[in-house]
Amino acid sequence: MTPLPLAQKSAGWFFQPVALGRVAAMRFLAGAFIWVDWWWYMPWILGHRHVPGELYQPLFIARVLPVFPVPSYWLVVGTLVVLLAASIPMMFNKAPRLFGWICAVAYFEWMIIAMSYGKVDHGKFGFLILLFLLPTMPKARWGDRKHLSEHVGWGFNLVQIGVVCTYFFAAWAKIRYGGWEWVNSATMTWAIIRRGTEFSTWLLDYPWMLRLSQWGMVGFELLSPIVLFVAAKRLKYGIVAFFYLFHLTVFLAVEISFLPHMVAMACFLPLERINPRELIRNAPGLPGRIRRKLKARKAVPAQTRSGDPVPEAEPAS
């Protein structure tokens, strides 16, 4: 039976080959963020080793799967030690499948410990998907653009869908729980009063701009799935750059960061073009190459149009 054209197009999009060099880059970014997460981004998770077990209210998945014990001192510390230890070889592609699975399971437990006391972050969803898909991908090296893999394309497409779902369902939750008053009321005014910075407090004098930003935020989140279906690479990269700019603006305005989400979102980008060894090798000669290119541009004679008269040579003195 011949597959339908729509099914062929869907399969072609879903399993579009991706260079293995992107896998090496994403493993490095994921492992590096695990250290940033523990040390700077969410250091308060480690403090749960001192929290009484009576305050533990496990998330739904921890209630469904009875394999998550009540966090104790040694469980919290042990999970962190295993997570950090496994992230280092994963970063540098040493037995990446083994240590990748250890990282994924340990970080999942780390999130159960973090989010079972009343605070649940939706910005970690895409990063968790990334951690569980990286171990399924083959061993890779930086800058490898020759070897392509449909399996890698499938995995990164799942991460991209997770990233987009984070936006889309955030808008859905705003409308479901806050109603249309979320965009028509003083939501951003309240946020700036609580967490405003020198970059955003001046907006309190212009409430119409804050209300407009609320509509723009929900509209952007609802339209975010468009990035999955854009064929032109430059346009896709431009949309992803807008996503990053959006998060930078939010951080400067109310100091809310989506750093793990931004790490997962990097799988949209052609990171296989980056080769650290070549960058280090070529760094000393980079200023000279830039100067030579600038001189070469200046040396190129200006092109004249076919209808323009050609100036005669001046007579020798």
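A side-chain donor from one of Asn184 and Trp215 sits under 3.5 Å from a side-chain acceptor of the other. With no hydrogens or angles considered, a side-chain donor-acceptor pair links Asn93 and Arg27 at under 3.5 Å. Side-chain contact annotation: Tyr167 with His122, donor-acceptor N/O pair under 3.5 Å absent.
Of the possible polar contacts, one joining the Tyr244 side chain to the Ala266 backbone as a donor-acceptor pair under 3.5 Å is found. At distances below 3.5 Å, at least one donor-acceptor pair connects side-chain atoms of Arg97 with backbone N or O atoms of Met137. Remark: side-chain polar atoms of His151 are paired, donor with acceptor, to backbone N or O of Thr136 under 3.5 angstrom. Between the side chain of Gln214 and the backbone N or O of Val183 there is at least one donor-acceptor pair closer than 3.5 Å. With hydrogens and angles ignored, the 3.5 Å screen pairs no side-chain donor or acceptor of Arg145 with any backbone N or O of Arg273. Checked by atom type and distance alone, the side chain of Arg22 pairs as donor or acceptor with a backbone atom of Leu269 at under 3.5 Å. No donor-acceptor pair closer than 3.5 Å links the side chain of Asp121 to the backbone N or O of Lys124. In terms of modelled atom types and a separation under 3.5 Å, the side chain of Ser200 and the main chain of Thr197 share a donor-acceptor contact. With hydrogens and angles disregarded, no donor-acceptor distance shorter than 3.5 Å links the side chain of Asp37 to the backbone of Phe33. A donor-acceptor pair under 3.5 Å is formed between the side chain of Thr166 and the backbone N or O of Gly162.
Residues Ile193 and Leu204 are in side-chain contact: their nearest non-hydrogen atoms beyond the backbone lie under 4.5 Å apart. You'll find the side chain of Leu20 reaches within 4.5 Å of the side chain of Pro138, heavy atoms only. Under the 4.5 Å side-chain criterion, counting only non-hydrogen atoms from C-beta, Arg49 is not in contact with Ser72. In this structure, the side chains of Leu133 and Trp154 come closer than 4.5 Å at one or more pairs of heavy atoms. By the 4.5 Å heavy-atom criterion applied to side chains, Trp110 and Ile45 are counted as neighbours. Tyr56 places a side-chain heavy atom less than 4.5 Å from the side chain of Ile112. With a 4.5 Å cut-off on side-chain heavy atoms, Leu130 and Leu134 count as touching. Put simply, the side chain of Trp182 does not reach to within 4.5 Å of the side chain of Ile175, judged on heavy atoms.
Atoms CD and CG, on Glu198 and Leu252 in that order, are 8.5 Å from each other to the nearest 0.5 Å. How far CD1 of Ile113 is from OG1 of Thr79: 4.0 Å, rounded to the nearest 0.5 Å. The line from CE of Met26 to SG of Cys267 is 5.5 Å long, rounded to the nearest 0.5 Å. Summarising the geometry, atom CG belonging to Leu80 is positioned 11.0 Å from atom CG belonging to Leu75; distances are rounded to the nearest 0.5 Å. Taken to the nearest 0.5 Å, the CG atom of Leu210 stands 4.5 Å off from the CD1 atom of Ile192. Rounding to the nearest 0.5 Å gives a distance of 4.5 Å between CG of Leu84 and CH2 of Trp35.
Note: the hydrophobic cluster containing Trp38 also contains Met42 (ILVMFWY, side chain heavy atoms under 4.5 Å, direct or indirect links). Phe199 and Phe246 fall into different hydrophobic clusters, defined by Ile, Leu, Val, Met, Phe, Trp and Tyr side-chain heavy atoms under 4.5 Å apart, directly or through other members. In the hydrophobic clustering of ILVMFWY residues, with side-chain heavy atoms under 4.5 Å counting as a link, Trp39 and Ile34 come out together. Cluster annotation: Leu248 and Met188 are assigned to distinct hydrophobic clusters (Ile/Leu/Val/Met/Phe/Trp/Tyr, side-chain heavy-atom contacts under 4.5 Å, transitive). In terms of hydrophobic clustering, with Ile, Leu, Val, Met, Phe, Trp and Tyr side chains grouped at heavy-atom distances under 4.5 Å, Phe229 and Phe220 are assigned to a common cluster.
Below 30°, between 30° and 60°, or above 60°: for Trp142 and Phe28 the angle between ring planes is above 60°, a perpendicular geometry. Between Phe258 and His261, the ring planes lie perpendicular to each other; the angle is over 60°, past the 30° to 60° tilted range.
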| request: Go through the steps to decide whether Phe125 and Phe169 satisfy the test ring-ring contact (aromatic ring centres under 6.0 Å, His included), and finish with yes or no. | output: CA-CA 11 Å; Phe125 180 64; Phe169 287 108; 8.7 Å; no

| said: For a ring-ring contact (aromatic ring centres under 6.0 Å, His included) check, start with the C-alpha distance between Phe268 and Phe156, then their side-chain angles and the critical distance, and finish with the verdict. | reply: CA-CA 8 Å; Phe268 279 99; Phe156 281 146; 9.9 Å; no

| Would His147 and Asp144 satisfy side chain to side chain contact (heavy atoms under 4.5 Å, CB included), going step by step from the backbone distance to the final call? | CA-CA 6 Å; His147 300 92; Asp144 185 0; 3.0 Å; yes

| said: Please determine whether side chain to side chain contact (heavy atoms under 4.5 Å, CB included) holds for the pair Val120 and Leu59, giving the CA-CA distance in whole Å, both sets of side-chain angles, and the decisive distance to 0.1 Å. | reply: CA-CA 9 Å; Val120 180; Leu59 300 177; 3.8 Å; yes

| said: Does Val227 form a side chain to side chain contact (heavy atoms under 4.5 Å, CB included) with Val163? I'd like the steps, not just the answer. | reply: CA-CA 11 Å; Val227 71; Val163 167; over 6 Å; no

| said: Would Ser87 and Leu83 count as a side chain to side chain contact (heavy atoms under 4.5 Å, CB included) here? Give the steps. | reply: CA-CA 6 Å; Ser87 66; Leu83 178 61; 5.6 Å; no

| Stepwise, does the ring-ring contact (aromatic ring centres under 6.0 Å, His included) test hold for Phe68 with Phe108? | CA-CA 10 Å; Phe68 299 97; Phe108 187 73; 5.7 Å; yes

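Other residues, nucleotides and ligands contribute over 12 non-hydrogen atoms within 6.0 Å of the NE2 atom of His247. Atom NZ of Lys146 sits in a sparse spot, with 12 or fewer heavy atoms from other residues, nucleotides or ligands closer than 6.0 Å. Dense packing is recorded around CH2 of Trp44, with more than 12 heavy atoms of other residues, nucleotides or ligands lying under 6.0 Å away.
Considering all non-hydrogen atoms of both residues, Pro96 and Lys139 come closest at CG-CG, 4.0 Å. Minimum heavy-atom separation, Tyr41 to Ser257: OH-O, 2.6 Å. Looking at every heavy atom in both residues, Ala106 comes nearest to Val82 through CB-CG1, 4.3 Å. What you find for Leu228 and Gln160 is that their closest heavy atoms are CD2-CB, 3.9 Å. In terms of heavy-atom proximity, Gly100 sits nearest to Pro135 at C-CG, 3.3 Å. Taking every heavy atom of both residues into account, Pro17 and Leu148 meet most closely at CB-CB, 3.8 Å.
Checking each of Trp101, Phe127, Phe99 against Tyr107 for a ring-ring contact (aromatic ring centres under 6.0 Å, His included) leaves exactly one that passes, namely Phe127.
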